[in-house]
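As the structure is a computational prediction, the values presented were derived from the model and not from experiment. Side chains are part of it too, since the values below use all heavy atoms of this structure and drop only hydrogens, waters and symmetry mates.
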Protein chains: 2
Amino acid sequence: MVMTIGTLGKATGTKAETIRYYEKIGLLPPPSRSGGNYRSYGEAELGRLSFIRRARQLGFSLDQIRALLELSEDRGRDCATVDALARGHLAEVERKIADLTALQRELAAMIASCHGGTVGSCRIIEALGPC
Amino acid sequence: MVMTIGTLGKATGTKAETIRYYEKIGLLPPPSRSGGNYRSYGEAELGRLSFIRRARQLGFSLDQIRALLELSEDRGRDCATVDALARGHLAEVERKIADLTALQRELAAMIASCHGGTVGSCRIIEALGPC
DNA sequence: ATGCACCCTGTAGCAACTAGAGGGTCAAGC
DNA sequence: GCTTGACCCTCTAGTTGCTACAGGGTGCAT
């Protein structure tokens with residue numbers, strides 16, 4: 001089953017530009033070309049790109065994905081490194097949630113303190129202004 | 001009280017480069033200069049930069065801050081616009097928290113399913129791989 | 001043969017900084 | 001008065017993960 005870049009894109013929910021970008025940064029290997037110089041992809045590329053997209057949806061960075069792909073190629077290797085990578089990412093996500101939750105509380109408090117009126121007496125502006 | 005860029009930076013927790021950047025994009029007005037062509041800042045700039053930094057800490061974008069600054073200059077105006085801006089930002093933060101929480105659950109489940117062994121049988125890699 | 005959808009390369013843009021090169025200024029200490 | 005070091009200046013380019021052109025070529029149907 002041979003695909004053009006557009007077909008592969010539709011199959012994985014990726015724009016053609018993004019696929020070319022992944023190729024440029026070495027996340028996808030340069031594929032073979034058709035007569036008219038079109039990129040042509042098969043099952044292997046479909047699998048690899050699906051992996052990348054699923055990992056992106058889980059918030060992994062392209063560098064982390066590069067590492068995951070490399071690790072996944074060596075099927076005999078201990079998967080502790082993979083585990084560590086995923087745990088590190090989870091920790092990062094949890095830190096972000098904590099940060100945003102703190103932010104949310106502050107914002108909500110600020111908004112609750114505003115009871116309308118003019119900007120001159122606005123508690124939101126006041127909360128941001130000089131102490 | 002006259003300050004150089006470094007002093008202003010220390011007072012507001014901002015790097016000199018960032019202050020110059022804010023000036024370049026028009027968030028801070030170009031300050032007067034000393035004999036040796038050094039930027040010199042006073043209380044007004046300190047207040048404005050503090051406002052910017054506090055708003056950044058609350059996650060407002062520079063464009064939102066630009067709007068807030070403009071609104072805050074017109075003390076007689078109704079503060080409804082300010083309120084709407086803050087509420088919009090809060091909604092955005094809450095959406096991000098929801099997204100990240102969903103992510104966290106997926107990641108945690110993926111990690112929990114991995115019981116060690118080799119990459120070949122790793123559930124994490126499997127979860128990312130082809131269906 | 002001509003339209004249209006698709007493909008190609010290459011470059012520039014987004015947010016919000018950060019880092020560096022290559023130089024000038026200023027105050028203190030000797 | 002001269003050096004040393006900390007600071008300042010401008011300008012450019014890098015970061016992340018794409019996205020959006022511009023200016024062309026290809027492939028298929030009518």
Side-chain angles (χ1 to χ4, degrees), chain A residues 2-28 30-42 45 48-49 51-69 88-89 92-93 96 99-100 103, chain B residues 2-28 30-42 45 48-49 51-69 88-89 92-93 96 99-100 103:
Chain A
V2 177
M3 291 170 284
T4 65
I5 197 169
T7 312
L8 178 64
K10 259 162 218 153
T12 56
T14 317
K15 296 194 180 174
E17 287 96 339
T18 305
I19 298 176
R20 286 190 209 107
Y21 171 71
Y22 288 164
E23 181 184 330
K24 201 173 96 185
I25 63 168
L27 211 53
L28 289 173
S32 56
R33 300 287 183 128
S34 76
N37 199 30
Y38 285 16
R39 285 170 180 82
S40 85
Y41 298 100
E45 283 94 345
R48 194 174 173 95
L49 182 53
F51 184 103
I52 293 170
R53 297 305 284 180
R54 231 163 294 167
R56 281 299 292 143
Q57 276 164 23
L58 289 170
F60 286 96
S61 74
L62 295 184
D63 261 3
Q64 289 174 321
I65 294 172
R66 205 188 296 274
L68 283 172
L69 281 166
H89 179 47
E92 209 179 304
V93 168
K96 268 187 202 159
D99 286 357
L100 283 174
L103 221 70
Chain B
V2 178
M3 292 170 285
T4 64
I5 198 171
T7 314
L8 178 63
K10 259 162 221 155
T12 56
T14 318
K15 295 192 181 175
E17 287 95 340
T18 306
I19 299 176
R20 285 189 210 110
Y21 170 70
Y22 287 165
E23 180 184 331
K24 199 173 98 187
I25 64 168
L27 211 54
L28 287 174
S32 56
R33 299 288 182 127
S34 74
N37 198 30
Y38 285 16
R39 287 171 179 81
S40 84
Y41 298 99
E45 282 94 346
R48 194 175 174 95
L49 183 54
F51 184 103
I52 294 170
R53 296 306 283 182
R54 231 164 294 166
R56 281 299 292 140
Q57 275 165 22
L58 288 169
F60 286 97
S61 74
L62 295 184
D63 262 3
Q64 288 173 319
I65 294 171
R66 205 189 296 275
L68 283 173
L69 281 166
H89 178 49
E92 209 180 303
V93 168
K96 267 188 205 159
D99 286 357
L100 283 175
L103 219 72

Quiz prompt | chain A contact limits on DNA chain C, taken 5' to 3' with a cut-off of 4.0 angstrom to heavy atoms | solution = C/dC6 to C/dT9
Quiz item: Does the pair A/R66/A/D63 count as a salt bridge with the N-to-O cut at 4.0 Å?
Solution: yes
Exercise. Using a 4.5 Å cut-off on heavy atoms from C-beta on, say whether the side chain of B/Y21 contacts that of B/L62.
Key: yes
Exercise. Pick out which of A/E17, A/K10, A/R39 makes a side chain to side chain contact (heavy atoms under 4.5 Å, CB included) with A/I5.
Key: A/R39
Quiz item: Just checking A/S34: base, sugar-phosphate only, or nothing, at a heavy-atom cut-off of under 4.0 Å?
Solution: nothing
Quiz item: Which heavy atom of B/R53 sits nearest a heavy atom of B/T12, and at what distance?
Solution: CG-O, 3.9 Å
Quiz prompt | Any A/K24 side-chain nitrogen or oxygen under 4.0 Å from OP1 or OP2 of D/dG17 | solution = no
Quiz item: Is there a side-chain contact between A/I52 and A/T14 (heavy atoms, below 4.5 Å)?
Solution: no
Quiz prompt | Distance test, side-chain N/O of B/R20 to OP1/OP2 of D/dC9, below 4.0 Å | solution = yes
Quiz item: Within this structure, what is the NZ-to-P distance between A/K15 and D/dC21, rounded to whole angstrom?
Solution: 10 Å
Quiz item: Looking for any heavy atom pair under 4.0 Å, which part of the strands does A/I5 touch: base, sugar-phosphate only, or nothing?
Solution: sugar-phosphate
Quiz item: Is B/R39 near enough to D/dT10 that one of its side-chain N or O atoms lies under 4.0 angstrom from OP1 or OP2?
Solution: yes
Quiz item: When you match B/S61 and B/Y38 each to their closest nucleotide on DNA chain C, which lands nearer the 5' end?
Solution: B/S61
Practice problem: Tell whether A/Y22 reaches the base of D/dG17 with its side chain through a donor-acceptor pair below 3.5 angstrom. | Solution: no
Practice problem: Could you verify whether a donor N or O on one side chain and an acceptor N or O on the other, from B/R48 and B/Y41, lie under 3.5 Å apart? | Solution: no
Self-check item: With A/F60 via ring-ring contact (aromatic ring centres under 6.0 Å, His included) - residues at least two apart
Solution: A/H89
Quiz prompt | Five-pair end axes of the helix from C/dA1-D/dT30 to C/dC30-D/dG1 and the angle they enclose, rounded to 10° | solution = 30°
Quiz item: With nearest nucleotides of DNA chain D determined for A/E17 and B/Y41 from heavy-atom distances, which residue corresponds to the more 5′ nucleotide?
Solution: B/Y41
Quiz item: Any side-chain heavy atom of A/I65 sitting closer than 4.5 Å to one from A/R56?
Solution: yes
